[in-house]
Amino acid sequence: MSSKEKFNLPYSLLMDPVSGKAAAYSQNHRLVTEEASAKLVAFANANAVQRVPWDDAQRDPTGVWRPLPAWATDEVRSRCQLVWIRKGTSTDEYLASIPRR
């Protein structure tokens with residue numbers, strides 16, 4: 001797997017535990033998809049490296065860094081979690097197993 005492919009894989013997800021919706025972000029916090037597949041959400045739940053409550057105070061107001069998906073209203077964000085599914089020591093085999101969307 002090339003470095004570029006690794007860089008653009010889902011790295012973290014903004015997840016709403018109530019609706020099951022999730023948006024996925026790349027290693028540099030760019031939006032990969034506003035609507036992560038059920039397969040990617042299940043993968044994230046099974047392989048979470050870190051999980052923290054979403055904090056609007058940590059959000060980039062310009063929207064360049066981890067832009068919010070359209071479904072992430074104020075109410076929804078109040079219950080969302082940010083979930084990381086990769087770490088620096090992730091193997092190529094592990095990276096290949098991550099659903100793309």
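All residue numbers in this chain count up from 1 along the given sequence. Note that the coordinates shown come from a computational prediction; the quantities given were computed from them, not determined experimentally.
Within the 4.5 Å cutoff, the side chain of S12 has no heavy atoms near those of the V83 side chain. Contact of the R100 side chain with the L9 side chain is registered, since non-hydrogen atoms from C-beta on lie closer than 4.5 Å. For the pair D92 and K6, the minimum side-chain heavy-atom distance is below 4.5 Å. Using a 4.5 Å heavy-atom cutoff, the side chains of E75 and V18 are not in contact. Using a 4.5 Å heavy-atom cutoff, the side chains of L13 and L82 are not in contact. Counting heavy atoms from C-beta on, the side chains of P99 and K39 come closer than 4.5 Å. Using a 4.5 Å cut-off on side-chain heavy atoms (C-beta onward), E35 and K21 make contact. L95 has its side chain within reach of R86: a pair of non-hydrogen atoms, C-beta onward, lies under 4.5 Å apart.
Under 4.0 Å is where a charged nitrogen must lie from a carboxylate oxygen, and between D16 and R77 no such pair does.
Rounded to the nearest 0.5 angstrom, Y25 OH and W84 CH2 are separated by 11.5 Å. Atoms CD and CG, on Q27 and N8 in that order, are 9.0 Å from each other to the nearest 0.5 Å.
Side-chain N or O atoms of R30 include one that pairs as donor or acceptor with a backbone N or O of V64 at under 3.5 Å. Here the side chain of T33 pairs no donor or acceptor atom with the backbone of R101 at under 3.5 angstrom. No side-chain donor-acceptor contact under 3.5 Å links Q58 to the backbone of D55.
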Practice problem: Apply side chain to side chain contact (heavy atoms under 4.5 Å, CB included) to the pair Y11 and I85, showing each step before the final yes or no. | Solution: CA-CA 6 Å; Y11 186 85; I85 59 173; 5.8 Å; no

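Side-chain rings of F43 and Y94 approach one another, their centers coming within less than 6.0 Å.
Nearest heavy-atom pair across L68 and W54 is CD2-CZ2, 3.7 Å.
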